[in-house]
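The next block holds one structure in the form of structure tokens; read it before the comments.
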There are 2 protein chains.
Amino acid sequence: MTPSLPETHLEAWRRLYVSFWRVCNAAEAGLQAAGRPPLSWYDALYALYLAPGRRLRMSELARGALLSKSGLTRLVDRLEKEKLITRRTCPADGRVQHIELTPRGVGTLREIWAVYRGGIARQFAAHLTETDARDLTRILAKVTTATDPANEGQP
Amino acid sequence: MTPSLPETHLEAWRRLYVSFWRVCNAAEAGLQAAGRPPLSWYDALYALYLAPGRRLRMSELARGALLSKSGLTRLVDRLEKEKLITRRTCPADGRVQHIELTPRGVGTLREIWAVYRGGIARQFAAHLTETDARDLTRILAKVTTATDPANEGQP
DNA sequence: CGATAAAAGTTGCAAATGCAACTAAAATCT
DNA sequence: AGATTTTAGTTGCATTTGCAACTTTTATCG
């Protein structure tokens, strides 16, 4: 079947699409200008930062990530080379890798955030009221919840 | 100065960020599974489709694009190789290239859209009411308008 | 228990992307 | 008109990314 897609919804998607790219491009440009790593590093480091023990397995990291499995392996390679994370084989299951954020990684996370934050503030937040922001969150939460891979199959 | 970024606004950005990736990943996967070209082709072809005479210069195409100058050159190379567009030097200004959508390009655009549309409908639109969609559009229009490169300098 | 299947990551290879340097054409400035 | 600057795109090179095939370790089945 062809799912229905009313014009109102399509227009909303277009706006979201463009908003996303404008903010991200500005943020990436800012990071580059400041000599900081790209957003992909932020996403991974931040996911680790939020995790209990600041540690996740590759597969858990991949959940929230925007990369393929192999892409994540390579990203973690780079983070490890910079000593922002450590990578240890799980003693209980030899297939699993434990990725843990280092103090240095936390520092880099903060450095990236200092720049990224500015991009979000200027390109995005500056144009929205408190009510706008709350409405956006409420509406988009429906999308993120419904499409959360954690809720497989039965919603 | 450090621009302010209230938690409400930050949360809205996070939701937008995740929503975007969920829908795009699903759409790209769908396109790949259907043996169709990626979204980047759609964006370029659609921009041409909307243009008067279905024709734009590289620089105009780059405006709405999510690519660097060089990235766009390469994308257009591929589209040209597939005969989805034609590329002609402007007779009036030898620096300028006119990129024009071919009928074949329109066909491919429709093929991509048939799949992309399904992704948007299922991953995004299905979870939103009419009111949600209208609110999203209204709110995000503030962002897209304010950050439109066409409105340089003075907003 | 031994064979088979499944899961977790990694690697080879090809495609895509960005930055910086470059070419070519037009506009500007004496 | 000739030299300089600006504009529009393209190309070289290095980085990033994804898919598919592979390795290793654990789980499952007869």
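Proteins come first, then strands; the chains are lettered A, B, ... in the order of their sequence lines, and each starts at number 1.
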Closest listed nucleotide, where the reference is the side chain of B:Thr73 and the choices are D:dG9, C:dT11, C:dT17: D:dG9
Base-contact (B) and sugar-phosphate-only (S) positions in nucleotides 21-28 of chain C, heavy-atom cut-off under 4.0 Å, - elsewhere: ----BS--
Under 3.5 Å: donor-acceptor pair, side chain of A:Thr144, backbone of B:Val18: no
Distance test, side-chain N/O of B:Ser70 to OP1/OP2 of D:dG9, below 4.0 Å: no
Whole-Å distance separating the CG atom of B:Leu79 from the P atom of D:dT10: 12 Å
Check: C:dG12 base within 3.5 Å donor-acceptor of A:Arg74 side chain: yes
Sugar-phosphate, base or nothing in reach of B:Leu72, heavy atoms under 4.0 Å: nothing
Please tabulate, for side-chain N and O atoms in residues 24-33 of chain B, each donor-acceptor pair with protein atoms closer than 3.5 Å (sequence neighbours left out).
residue	atom	partner	partner atom	Å
B:Asn25	ND2	B:Trp21	O	3.3
B:Glu28	OE1	B:Leu39	N	3.4

For atom CG of A:Asn25 and atom C1' of C:dT17, their distance in whole Å: 12 Å
Main-chain N/O of A:Leu140 paired to B:His127 side chain as donor or acceptor, under 3.5 Å: no
Of the listed nucleotides D:dT11, C:dG9, D:dA8, the one nearest the side chain of B:Arg57: D:dA8
Interatomic distance, B:Asp77 CG vs C:dG18 P [rounded to whole Å]: 14 Å
Shortest side-chain distance from A:Arg78, nucleotide among C:dC19, D:dT17, C:dG9: D:dT17
Listed once per pair and sorted, the ring-ring contact (aromatic ring centres under 6.0 Å, His included) pairs that draw on residues 48-105 of chain B, sequence neighbours left out: none
B:Asp132 side chain vs B:Thr129 backbone, donor-acceptor pair below 3.5 Å: yes
Interatomic distance where CD belongs to B:Gln97 and P belongs to D:dA8 [whole Å]: 13 Å
Short side-chain N/O contact from B:Gln32 to OP1 or OP2 of D:dC19, under 4.0 Å: yes
Pair B:Arg14 + B:Glu7: basic N to acidic O under 4.0 Å: yes
Atom pair distance, as rounded to whole Å: CG in A:Leu56 and C1' in C:dA8: 15 Å
Side-chain donor/acceptor of A:Ser68 to base of D:dC19, under 3.5 Å: no
Charged N-O contact under 4.0 Å between B:Arg78 and B:Glu82: no
Between P of C:dT17 and CG of B:Leu39, the distance in whole Å: 11 Å
Length of the CD-C1' vector between B:Glu82 and C:dA15, whole Å: 14 Å
Side-chain N or O of A:Arg63 closer than 4.0 Å to phosphate OP1/OP2 of C:dA8: no
Sugar-phosphate, base or nothing in reach of B:Leu75, heavy atoms under 4.0 Å: nothing
Short N-O contact, A:Arg87 and A:Glu80, less than 4.0 angstrom: yes
Distance in angstrom units between A:Glu28 CD and C:dT17 P, rounded: 14 Å
